[in-house]
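Input: a single structure, listed below in structure tokens.
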Protein chains: 2
Amino acid sequence: MQIALAPAPYASGTPSLRIGTTPHPETQRSFGAGEEIFAEGDRARFFYRVVSGTVRTCRILPDGRRQIDAFHLAGDIFGVEAGTEHRFGAEAVGEVRVIAYRRERMLLTGDDGALAQEVAAATLRALARAQEQMMRLGRKSARERIASFLLDLADRMTDGMAGSLRLPMSRTDIADHLGLTVESVSRCVTQLERDGLIALSPDRHSVRLRDRAALRHLDA
Amino acid sequence: MQIALAPAPYASGTPSLRIGTTPHPETQRSFGAGEEIFAEGDRARFFYRVVSGTVRTCRILPDGRRQIDAFHLAGDIFGVEAGTEHRFGAEAVGEVRVIAYRRERMLLTGDDGALAQEVAAATLRALARAQEQMMRLGRKSARERIASFLLDLADRMTDGMAGSLRLPMSRTDIADHLGLTVESVSRCVTQLERDGLIALSPDRHSVRLRDRAALRHLDA
DNA sequence: CGCGGTTTTGACCTGAGTCAAGCCGGGTGG
DNA sequence: CCACCCGGCTTGACTCAGGTCAAAACCGCG
């Protein structure tokens, strides 16, 4: 497959879009913290690209248990479906701007094949992440999951200057992503701090990875 | 995307392949129980389709913990990679026959676009399964994981006549897929049997789903 | 009928969950 | 400018689902 896994061409702060020969007015939308972008079961008429901010896609069991499938950062594509409806809900984590693409756009392989290829690449990347996540959820301890998650996030958020990354999501979100409880996440993070592997800002939302080697060792 | 999620055109016992205009001699290969089809880290020169039998793709942590990513049944495509190497190993569960496709075949969008589309569809399906699996691993109890797994397998193995499906894999494999231990799998299966939700053959490898409603309720 | 691998069962242990307070920081209004 | 609130984070004490270790039991097979 000719899919290039190079960094997504529309990274972080690139709201402008090059779009084939015919100018498609791409709809750009904004959402406030916690707002729903689409719900589980909605008709999948669009798929999206994050322009700025962070999006979480998640599913909720009837009894309230929640699993956050993934966090999508600036440049990431999400909401692509094989069937006709969204199998996950999507919500803004903090302030978010996204571009909505009409799903049918994917049908035309002509002209805008570039977008189609990008989507294919994004899908493959999503699959790779999902597989990584399965490893975490299936076989790793709480401590290992946190270490792995932080490293992964650090890789993806290039912006964070000098090893310090700002976590856009709450502890609860992290817990629901890693299959843990808030308390466990809190305890593990604190423990990693005590052990000197990471350092936390006073508001506890910025993390500096002080000992990547040790973290990577935990990541296994 | 024009991907049709209809049942894969080359299902179960269909070794013959229709392949565009130029006849490509597709390599068909056989493997015995436990044999390795490719290893984690191998150059990804081929991807595969299961002709008969079951394949497991898995990853092993340095300390020996194993996570089985997925089981691939007849008709399934596996081993498609975004990068240049396989990020999972693949092994035969019992006797297996597969067709190996040269990876470059995907490059030509011409002629054989059909295969390319099939791969795209397979990728999307794999992603959907991975997401289902994350839900299981992240938020479900042992009992629920087993129920969910059995239902899923029953759906995919149409062959199993009248609700009775033969599990091709060992308890250990199931455990490593569901993030449990052999003992837990065994206990849960036995419990489901005692509770009358399932019935087991004397060799404990065939399962009849006696109360799908209850199982589905567990699946949530 | 004995053998070897898989599955099951039992007794015990522990990592993470649960429940219940505190704590801290940031935002508001007096 | 500061006292107060409120939601998210942390901490502590206790519980429990599932893991661990060890031993049968079972099935299929030669």
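The shown structure was predicted, so the numbers you read here are calculated from the model rather than taken from an experiment. In what follows, chains carry the letters A, B, and so on, assigned in the order in which the sequence lines appear, proteins first and then strands, with residues in each chain numbered from 1.
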| said: For A:P202 and A:K140, find the nucleotide of DNA chain C closest to each by heavy atoms; which residue's nucleotide sits nearer the 5' end? | reply: A:K140

| task | Answer yes or no: is there a donor N or O on one side and an acceptor on the other, between the side chain of B:R59 and the main chain of B:F88, under 3.5 Å? | result | no

| task | Evaluate the criterion side chain to side chain donor-acceptor pair (under 3.5 Å) for residue pair B:R87 and A:Q131; output intermediate values, then yes/no. | result | CA-CA 9 Å; B:R87 289 168 17 274; A:Q131 290 168 338; 2.5 Å; yes

| At what angle, to 10 degrees, do the two end axes of the helix from C:dC1-D:dG30 to C:dG30-D:dC1 meet, given five pairs define each axis? | 30°

| task | Look at the side-chain N and O atoms of B:S184 and state whether any lies under 4.0 Å from the OP1 or OP2 oxygen of D:dG18. | result | no

| request: Would you kindly compare A:R139 and A:V182 by the position of their nearest DNA chain D nucleotide and give the one closer to the 5′ end? | output: A:V182

| task | Have a look at A:T190 and say if it touches a base, only the backbone sugar-phosphate, or nothing, with a 4.0 Å heavy-atom cut-off. | result | sugar-phosphate

| said: Between B:D152 and B:R145 (salt bridge meaning N to carboxylate O under 4.0 Å), is one present in this structure? | reply: no

| query | In whole Å, what is the span from the CD1 atom of A:I174 to the P atom of C:dA16? | reply | 16 Å

| Value in whole Å for how far the C1' atom of D:dA17 lies from CG of B:L218 | 15 Å

| task | Check whether any side-chain N or O of B:K140 sits under 3.5 Å from a backbone N or O of B:D219 as a donor-acceptor pair, and report yes or no. | result | yes

| How many Å lie between CZ on B:R204 and P on C:dT6, as a whole number? | 17 Å

| said: I'd like to know if A:E183 reaches the base of D:dC9 with its side chain, counting only an N/O donor and acceptor under 3.5 Å. | reply: no

| task | Please report, rounded to the nearest Å, how far the P atom of C:dA16 is from the CG atom of A:L137. | result | 13 Å

| Base, sugar-phosphate, or nothing: which does B:D203 touch, judged by heavy atoms less than 4.0 Å apart? | sugar-phosphate

| message | For D:dG18, does the base pair up with any side-chain atom of B:R145 as donor and acceptor (N or O, under 3.5 Å, distance only)? | response | no

| Among D:dG18, D:dC9, D:dT11, which is the nearest nucleotide to the side chain of A:R171? | D:dC9

| query | In terms of side-chain heavy atoms of A:T172, which of D:dC9, D:dG18, C:dA16 is nearest? | reply | D:dC9

Please tabulate, for the side chains in residues 29-40 of chain B, all donor-acceptor contacts under 3.5 angstrom to protein atoms that are two or more places apart in sequence or on a different chain.
{"unit_1": "B:R29", "atom_1": "NH2", "unit_2": "B:Y48", "atom_2": "OH", "d": "3.3"}
{"unit_1": "B:E35", "atom_1": "OE2", "unit_2": "B:G32", "atom_2": "N", "d": "2.6"}

| field | OP1 or OP2 of D:dC9 under 4.0 Å from side-chain N/O of A:H205 | value | yes

| field | Whole angstrom value for the distance that separates P of C:dG17 from CG of A:L178 | value | 11 Å

| Nearest-Å distance for atom pair CG/P, residues A:D173 and D:dG7 | 17 Å

| task | Please check if the side chain of A:R125 supplies one atom and the backbone of A:A120 the other of a donor-acceptor pair under 3.5 Å. | result | no

| task | Give the nucleotide from the list D:dG18, C:dT8, C:dT7 with an atom nearest to the side chain of B:S170. | result | C:dT7

| Per the atom types in the model, does the base of D:dT20 pair as donor or acceptor with the side chain of B:R187 at under 3.5 Å? | yes

| Nearest-Å distance, CG (B:L180) to C1' (D:dT20)? | 14 Å

| query | At under 4.0 Å between heavy atoms, what does B:R194 touch on the DNA or RNA strands: base, sugar-phosphate, or nothing? | reply | sugar-phosphate

| query | What's the CZ-P distance between A:R143 and C:dT14, to the nearest Å? | reply | 18 Å

| request: Take atom CZ of A:R45 as the centre, draw a 6.0 Å sphere, and report whether it contains more than 12 heavy atoms from other residues, nucleotides or ligands. | output: no

| task | Take A:D76 and A:R156 through the test salt bridge (charged side-chain N to carboxylate O under 4.0 Å, His left out) and record every step on the way to the result. | result | CA-CA 10 Å; A:D76 290 349; A:R156 294 170 60 196; 2.8 Å; yes

